[in-house]
Number of protein chains: 2
Amino acid sequence: MALRHAVLAALLDGEYSGYQLAKAFDVGVANFWHALPQQLYAELTRLEKEGLVAGRQVIQENRPNKRLFHVTDAGRAELEEFAAAVAKPSFIRDDLLVKVQVADRIGTASVIEQLEERASAAEAKIELLGKLLRQLRGDADEEEFLRRGERIGPYLTCLRGIAFEQGHRDWCLRIATVLRERRTTHAER
Amino acid sequence: MALRHAVLAALLDGEYSGYQLAKAFDVGVANFWHALPQQLYAELTRLEKEGLVAGRQVIQENRPNKRLFHVTDAGRAELEEFAAAVAKPSFIRDDLLVKVQVADRIGTASVIEQLEERASAAEAKIELLGKLLRQLRGDADEEEFLRRGERIGPYLTCLRGIAFEQGHRDWCLRIATVLRERRTTHAER
DNA sequence: CTTGGCTATGCAACGAGTTGCATAGAAGGA
DNA sequence: TCCTTCTATGCAACTCGTTGCATAGCCAAG
């Protein structure tokens, strides 16, 4: 049971359709979870069957009808239970790490390229999340907002997202530099 | 195909049994991948069937016999192909983020506890990885080692591991503080 | 002397995530 | 006009990861 709670969490902020959720979870909802549309539609069906969310049909003209979902009392209770239970530790799981692990044994050229691509992807995400942060806190400065803001949850997870991307970017650039410099100083095979 | 390459990467450094790999992958092999023993035994069987690794039986006294595996030429080729292919972006996937996302809507007490537990777990891992780094680079300082060291792959992934854990620790402590302070200044429900 | 942990391997069932595909009308650009 | 993209939902097959269990002898601590 992993995605269910992320969906319930997202639906706490209002009514959303599967499609809307899918777009949010595609980016990673400010880095707090990621999922594909298929997963979300399936999960919503299951959640509805179990009474944790309820949906209402909205008839639209000029575009397909949709179903908007909201969390029920049972769903809120489920979330509270989840929040109280212990979470298991998280791991990084990234193909790039495996590649770097063996980069000095096999070719480095392609790995360096990938590191730099990742770095600029991370940079882009940092920008994006930075804008999101500014938008979430409005006029207030961060300290002020975190002390008195109404809805700080998304802001807090977004902070983690940014920090993660910054760490990722810095590491990618550092490693790319290290590998590049070794190419010039070492005999390349 | 995800774990296979991590296993091949690990076996590049020598001959290991499933059990030895399991211990390394339990910690997370310096944060470059994580897997359970069952997965590893299954993967080793598959890799052997496909000729990417080869194993030899070692008869032992006073303890069960074991099979030591090494990478074949085909396995090395497979790894090179993998390293050249594009890797897809990575996401954080952590229950704690979901909990923080909704912490201001439901209870915060248990979330704060979990954040602090996580922070000290991260601290412990930072210590551990720090020792591993010192061990890997021996007498040399970091710059020197990264320029001329023989086997820097594990060092580089370990650097990412440390940075990740530091980011995690800092975020956990920050968020715990924020949530605590809100408890005193806000009307708690 | 019993209990628990370590070495060592593996099967079976299940849960979670990914890939591929199908439908279908409307809007907008080449 | 044709092609693509957007809205909107979902099934089916598959791969990957987790949980639970089984075996079995050795060693150390209580």
Side-chain angles (χ1 to χ4, degrees), chain A residues 1-8 15-29 33-50 53 55-69 82 85-95 98, chain B residues 1-8 15-29 33-50 53 55-69 82 85-95 98:
Chain A
M1 317 283 168
L3 177 61
R4 11 175 13 81
H5 302 110
V7 171
L8 289 172
E15 275 191 325
Y16 296 103
S17 68
Y19 187 75
Q20 285 173 291
L21 285 177
K23 277 195 295 183
F25 277 77
D26 177 43
V27 191
V29 196
W33 205 272
H34 169 260
L36 299 169
Q38 295 94 318
Q39 262 180 289
L40 292 166
Y41 286 114
E43 196 62 54
L44 283 170
T45 307
R46 248 171 284 149
L47 284 168
E48 195 183 26
K49 209 172 286 172
E50 292 172 41
V53 307
R56 62 184 182 92
Q57 182 97 11
V58 175
I59 282 93
Q60 298 186 116
E61 287 174 32
N62 291 348
R63 56 185 52 195
N65 298 335
K66 63 180 174 184
R67 300 197 341 109
L68 293 180
F69 294 91
F82 164 74
V86 278
K88 34 204 148 143
S90 66
F91 291 100
I92 309 184
R93 215 161 252 214
D94 190 341
D95 286 356
V98 180
Chain B
M1 314 283 169
L3 178 61
R4 13 178 8 82
H5 303 109
V7 171
L8 289 172
E15 278 191 323
Y16 295 103
S17 68
Y19 187 76
Q20 285 172 292
L21 285 177
K23 275 194 297 184
F25 276 77
D26 177 42
V27 190
V29 194
W33 206 271
H34 169 260
L36 298 169
Q38 295 94 319
Q39 261 181 290
L40 291 166
Y41 285 113
E43 196 60 54
L44 283 170
T45 307
R46 249 172 283 149
L47 284 168
E48 195 183 25
K49 210 172 284 170
E50 293 172 38
V53 306
R56 61 185 181 91
Q57 181 96 13
V58 175
I59 281 93
Q60 299 186 116
E61 286 174 34
N62 292 349
R63 56 184 53 193
N65 298 334
K66 63 179 172 183
R67 298 188 356 100
L68 293 181
F69 294 92
F82 163 73
V86 279
K88 34 202 149 144
S90 65
F91 292 99
I92 309 184
R93 217 161 251 213
D94 190 342
D95 286 356
V98 181

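First the proteins, then the strands, lettered A, B, ... as listed; each starts at 1.
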Engineer: Looking at C:dT9, C:dT7, C:dG17, which one has an atom nearest to any side-chain atom of B:Lys23?
Structural biologist: C:dT7

Engineer: Salt bridge (charged side-chain N to carboxylate O under 4.0 Å, His left out): which pairs involve residues 59-68 of chain B, sequence neighbours left out?
Structural biologist: B:Glu48-B:Arg67

Engineer: Can you name the side chain to side chain donor-acceptor pair (under 3.5 Å) partners of B:Thr45, sequence neighbours left out?
Structural biologist: none

Engineer: Write down the distance between CZ (B:Phe91) and C1' (C:dT18), rounded to a whole number of angstrom.
Structural biologist: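 Whole-Å distance recorded here is 13 Å.
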
Engineer: Among D:dT18, D:dT7, D:dG17, which nucleotide sits nearest the side chain of A:Tyr19?
Structural biologist: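 Of D:dT18, D:dT7, D:dG17, D:dT7 is nearest to the side chain of A:Tyr19.
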
Engineer: Tell me the interatomic distance from A:Glu48, atom CD, to D:dT9, atom P, rounded to whole angstroms.
Structural biologist: 12 Å

Engineer: Please report, rounded to the nearest Å, how far the P atom of D:dA8 is from the CD atom of A:Gln57.
Structural biologist: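 Nearest whole value for this atom pair: 12 Å.
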
Engineer: Just to verify, what does A:Glu50 make a side chain to side chain donor-acceptor pair (under 3.5 Å) with, not counting sequence neighbours?
Structural biologist: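 Checked A:Glu50 against side chain to side chain donor-acceptor pair (under 3.5 Å); matches are A:Arg4.
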
Engineer: In residues 38-46 of chain B, what residues come within less than 4.0 Å of DNA chain C, judged by heavy atoms?
Structural biologist: B:Gln38, B:Tyr41

Engineer: Is B:Arg93 touching bases, backbone alone, or none of the nucleic acid, heavy atoms closer than 4.0 Å?
Structural biologist: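 The residue B:Arg93 makes sugar-phosphate contact but no base contact.
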
Engineer: Under the side chain to side chain donor-acceptor pair (under 3.5 Å) rule, collect the residues that match up with B:Asp95, sequence neighbours excluded.
Structural biologist: none

Engineer: C:dA8 P sits how many Å from B:Ile59 CD1, rounded?
Structural biologist: 13 Å

Engineer: Could you go through the side chain to side chain contact (heavy atoms under 4.5 Å, CB included) check for B:Phe91 and A:Trp33 one step at a time?
Structural biologist: CA-CA 8 Å; B:Phe91 292 99; A:Trp33 205 272; over 6 Å; no

Engineer: In whole angstroms, how far is the P atom of D:dG17 from the CG atom of B:Asp95?
Structural biologist: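 Distance, rounded to whole Å: 17 Å.
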
Engineer: Using ring-ring contact (aromatic ring centres under 6.0 Å, His included) as the criterion, list what pairs up with B:Phe82, not counting sequence neighbours.
Structural biologist: B:His5

Engineer: Just to be sure I understand the geometry, which residues of residues 60-69 of chain A put a non-hydrogen atom under 4.0 Å away from DNA chain D?
Structural biologist: A:Gln60, A:Arg63, A:Pro64, A:Asn65, A:Lys66, A:Arg67

Engineer: Expressed in angstrom and rounded to an integer, what is the separation of A:Asp94 atom CG from D:dG17 atom P?
Structural biologist: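 Result: 13 Å.
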
Engineer: Can you find a pair of side-chain heavy atoms, one from B:Arg46 and one from B:Lys49, that are under 4.5 Å apart?
Structural biologist: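 Side chain of B:Arg46 against side chain of B:Lys49, heavy atoms only: no contact under 4.5 Å found.
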
Engineer: Taking atom P of D:dT15 as reference, at what distance in whole Å does atom CG of B:Leu47 sit?
Structural biologist: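 One finds 15 Å between P of D:dT15 and CG of B:Leu47, rounded.
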
Engineer: Among residues at least two apart in sequence or on other chains, which ones pass side chain to side chain donor-acceptor pair (under 3.5 Å) with B:Gln60?
Structural biologist: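 Residues passing side chain to side chain donor-acceptor pair (under 3.5 Å) with B:Gln60: none at all.
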
Engineer: Suppose we screen for side chain to side chain contact (heavy atoms under 4.5 Å, CB included). Which residues come up paired with A:Tyr16, at least two apart in sequence or across chains?
Structural biologist: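 Only A:Leu11, A:Asp13, A:Gln20, A:Leu21 meet the side chain to side chain contact (heavy atoms under 4.5 Å, CB included) criterion with A:Tyr16.
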
Engineer: Starting from P on C:dG15, measure out to NZ on A:Lys88 and report it in whole angstrom.
Structural biologist: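 Going from NZ in A:Lys88 over to P in C:dG15 covers 13 Å.
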
